[in-house]
J.: 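Have a look at this one.
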Amino acid sequence: MEYLKLLSFGPGGWGDELLQGLWITVTLALATLPFGLIGGLLLAMGKNTGEKSLVLAANVFTTIFRGLPELLTLFIVYYGGQIALQKFVNLFTDTYVEVNGFVAGLIALGLVFAAFASEVFLSAFRGIPKGQNEAAYALGLSRYHAFRLVVLPQLIRLSLPGLSNLWQVHLKGTSLVSVIALDDLIRKSQIAVGNTKEPLFFFSVVCLVYVSMTLASSRGLAIVEDRLNRGHKR
Amino acid sequence: MAVQDVTPTTTRPPAAARTWTKARILGNGLTGLWIVLGAFLVWSLTADFDSETFGRYGPRMLQGFWLTVQIVVLSVVIGSVIALPTALARMSSNPLLKMPAIAFIEFFRGTPLLAQLFLLYYGAGQIRPELESIGLWWFFREAFNCCMLSFTLNSGAYQAEILRGAISSVPTGQSEAAHSMGLSRTVTFFKVILPQALITALRPLGNEIIFMIKSSAIASIVTILDLMGETKLAFSRSYNFDVYIWAAIMYLIMVEALRVTWDWLERRLTKHLRMPNQDD
């Protein structure tokens, strides 16, 4: 009962604070998706052209952001971005600027997500027979329409399993933003622990919330996958 | 009379000149951008090369590098020891074995490593009297041990899922054939199923080690002085941003070295599965 009081809303409980933290975690995870997905798709298209210089440029990007620890990428974007931006602003005025933690997290996680997503998309590209493209051209579709109407729908179906794996990793990866003082679920519960001295309870709650998020999203994505594969069931 | 060369001499048409397609222009531009960025990085690392900072923190960062290697090797190796029984329990039809294994795997794969670390590290402090009474406090007192414990369990859970997938990918005909030859279940598993499963598991296991190298940076959050920890310390004392670049280079070397080794290992171990004249 005492523990339930800790989770209540209002001045005595931490329920509302934790919910705010959860909101930051979820919005950050979702806001990164469009950048990560589009970036990953562009990288994969570059790697798929067969143009050597373009493949090289895309591979350098992937190697860097797939190999660096997310924590380090986050620090480099946050502190490095801060220093670079300050130097740039100082060219004109001498006001003090501060990098927003949410934006830094968005950029860092987006770069990492794009690097991993590009590999998923690339293997999906390779899973689409060449004849599909050729048939589309033979039908007189433009390059754009061949991609949009023929390749993309198949690409989405083929890349979904890989992308849903990536989403799980990414959702958990957002917990790292707590170290750059962004009030996500982890940091809010750290604050709660600092006040109540109940780490076991609060961190268990955090773990439970994460488990239910990952379980729910894997269920949801499995349903989407089933629906996309309905023409391919044996 | 000398033998006449009857093959007509033909001249090939010259190879078509590569045209400047949009993709090529873009590719050259982007590669150029990377080269400029790389050159800028080298320039900034050498131009304001601060030998005092380097002399003071360089050796410490190398020590941190070494600690990171130790953390990764230990947690992956000990993790693999718990992974096999967990995978077998997960595949068993007995709910008393299966359910705990599922709970273990789902918990460690479904929560961030950071949350697991906090739960163990701060949680152990809360139940200190209880831990002291059963004589385990000496273990949980050290941040390093808490870190190792959570990393090991986490890696164990991931490796268990990898093993399970690999074991169930071995065709049933293999175990049926082994049974019909009169091999016992144990011999069948260790001599027939597991070797084939491990080859399938090789690539995901390599990815898991890379994942662990990257995740190990989290240890720095609970005051462990691994590569990331030493880097943060050096930055907070010297305000020299270069240390982060050096750390990034060291992490990339670690990950790429593992990748190259793993590719070599995979080529070697799957030699017998390829056609003889296939290039390797």
Side-chain angles (χ1 to χ4, degrees), chain A residues 25 45-46 49-58 60-61 63-64 66-76 79-80 82-84 112 168-169 171-176 178-179 185-186 189-190 193-194 197-215 218, chain B residues 18 21-35 37-38 68 106-127 210-211 213-218 220-221 227-228 231-232 235 239 241 244-245 247-248 251-256 258-259:
Chain A
T25 297
M45 283 162 79
T49 51
E51 165 58 43
K52 268 185 208 149
S53 56
L54 200 53
V55 175
L56 179 69
V60 171
F61 181 92
T63 308
I64 293 177
R66 240 175 25 155
L68 287 185
E70 284 84 347
L71 194 59
L72 185 58
T73 312
L74 196 62
F75 278 142
I76 289 181
Y79 294 120
Q82 174 83 53
I83 293 170
V112 177
Q168 308 269 16
V169 175
L171 184 61
K172 291 179 278 169
T174 54
S175 62
L176 295 178
S178 59
V179 298
L185 182 58
I186 297 257
S189 51
Q190 270 181 296
V193 166
K197 306 278 177 277
E198 290 282 356
L200 268 184
F201 173 71
F202 277 107
F203 290 125
S204 302
V205 170
V206 169
C207 284
L208 267 180
V209 171
Y210 271 107
V211 166
S212 24
M213 278 198 289
T214 46
L215 281 183
S218 80
Chain B
R18 289 181 66 207
T21 55
K22 273 184 205 156
R24 193 171 164 206
I25 296 171
L26 183 67
N28 277 282
L30 289 177
T31 311
L33 196 66
W34 276 125
I35 293 173
L37 265 174
T68 294
E106 288 299 332
F107 177 80
F108 281 100
R109 293 181 71 224
T111 56
L113 187 53
L114 186 62
Q116 295 159 20
L117 184 58
F118 280 172
L119 183 63
L120 256 166
Y121 180 63
Y122 295 114
Q126 190 187 346
I127 51 166
I210 291 180
F211 181 73
I213 293 176
K214 294 167 49 181
S215 306
S216 70
I218 287 174
S220 66
I221 299 176
L227 177 52
M228 190 71 202
T231 310
K232 272 162 69 179
F235 179 67
Y239 287 108
F241 190 71
Y244 275 122
I245 307 296
Y251 272 111
L252 282 182
I253 288 175
M254 226 186 298
V255 168
E256 287 305 302
L258 188 91
R259 249 238 306 269

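Reckoned from all heavy atoms, side chains included, excluding hydrogens, waters and symmetry mates. Naming: A, B, ... by sequence-line order, numbering from 1 per chain.
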J.: Side chain, backbone, both or neither: which part of B:S220 has an atom under 4.5 Å from a heavy atom of chain A?
T.: side chain
J.: If you round to the nearest 0.5 Å, how far is OG1 of A:T73 from CG of A:L68?
T.: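 Atom-to-atom, A:L68:CG and A:T73:OG1 are 4.5 Å apart.
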J.: So, applying ring-ring contact (aromatic ring centres under 6.0 Å, His included) with A:Y79, which one of B:Y239, B:F241, B:F235 is it?
T.: B:F235
J.: Kindly compute the distance separating CZ (A:F75) from OH (B:Y244), expressed to the nearest 0.5 Å.
T.: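 Rounded to the nearest 0.5 Å, the CZ-OH separation comes out at 5.0 Å.
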J.: Between the side chain of A:T25 and the main-chain N/O of A:L185, is any donor-acceptor distance below 3.5 Å?
T.: yes
J.: What part of B:I221 lies closer than 4.5 angstrom to a heavy atom of chain A: side chain, backbone, both or neither?
T.: side chain
J.: Report the option among A:E70, A:M213, A:K52 that has the most heavy-atom pairs separated by less than 4.5 Å from atoms of chain B.
T.: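 Winner by heavy-atom pair count: A:E70.
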J.: Considering only heavy atoms and a distance below 4.5 Å, find which of A:I64, A:V169, A:V193, A:L208 pairs most often with chain B.
T.: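 Heavy-atom pairs under 4.5 Å are most numerous for A:I64.
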J.: Checking A:T214 side chain against B:G110 main chain: does a donor-acceptor pair fall under 3.5 Å?
T.: yes
J.: Given heavy-atom pairs under 4.5 angstrom as the criterion, report whether the side chain, backbone, both or neither of A:V206 touches chain B.
T.: side chain
J.: Which region of B:L258, side chain (C-beta onward) or backbone (N, CA, C, O), has a non-hydrogen atom less than 4.5 Å from a non-hydrogen atom of chain A, or is it both or neither?
T.: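 No part of it gets close to chain A.
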J.: Examine whether an atom of A:F202 lies under 4.5 Å from a heavy atom of chain B, and if so say whether it belongs to the side chain, the backbone or both; otherwise answer neither.
T.: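 No part of it gets close to chain B.
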J.: Checking A:T63 against chain B: side chain, backbone, both or neither under 4.5 Å from a heavy atom?
T.: both
J.: Give, for atom CZ of B:F107 and atom OG of A:S204, the distance between the pair rounded to the nearest 0.5 Å.
T.: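 Between atom CZ of B:F107 and atom OG of A:S204 there are 7.0 Å.
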J.: Is the backbone N or O of B:F108 less than 3.5 Å from a side-chain atom of B:Q116, with the two atoms forming a donor-acceptor pair by type?
T.: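 Yes; judged by distance alone, with no hydrogens or angles, the pair exists.
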J.: Any donor-acceptor pair under 3.5 Å linking the side chain of B:K214 with the backbone of B:Y251?
T.: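 No: the side chain of B:K214 does not pair with the backbone of B:Y251.
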J.: Measure the spacing between CG of A:L72 and CG of A:L176 and express it to the nearest 0.5 Å.
T.: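 With rounding to 0.5 Å, CG (A:L72) is 11.5 Å from CG (A:L176).
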J.: Using non-hydrogen atoms and a 4.5 Å limit, figure out which bit of A:I76 sits close to chain B: side chain, backbone, both or neither.
T.: both
J.: Counting heavy-atom pairs under 4.5 Å to chain A, which of B:Q126, B:E256, B:R259 comes out on top?
T.: B:Q126
J.: Which bit of A:Q190 is near chain B, if near means a heavy-atom gap under 4.5 Å: side chain, backbone, both or neither?
T.: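 Contact with chain B involves the side chain of A:Q190 alone.
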J.: Please rank B:T31, B:L119, B:V255 by heavy-atom pairs under 4.5 Å with chain A and give me the top one.
T.: B:L119
J.: Heavy-atom distance under 4.5 Å to chain A: side chain of B:Y121, backbone, both or neither?
T.: neither
J.: Taking every heavy-atom pair that is under 4.5 Å apart, which of A:I186, A:T49, A:V60 has the most such pairs with chain B?
T.: A:V60
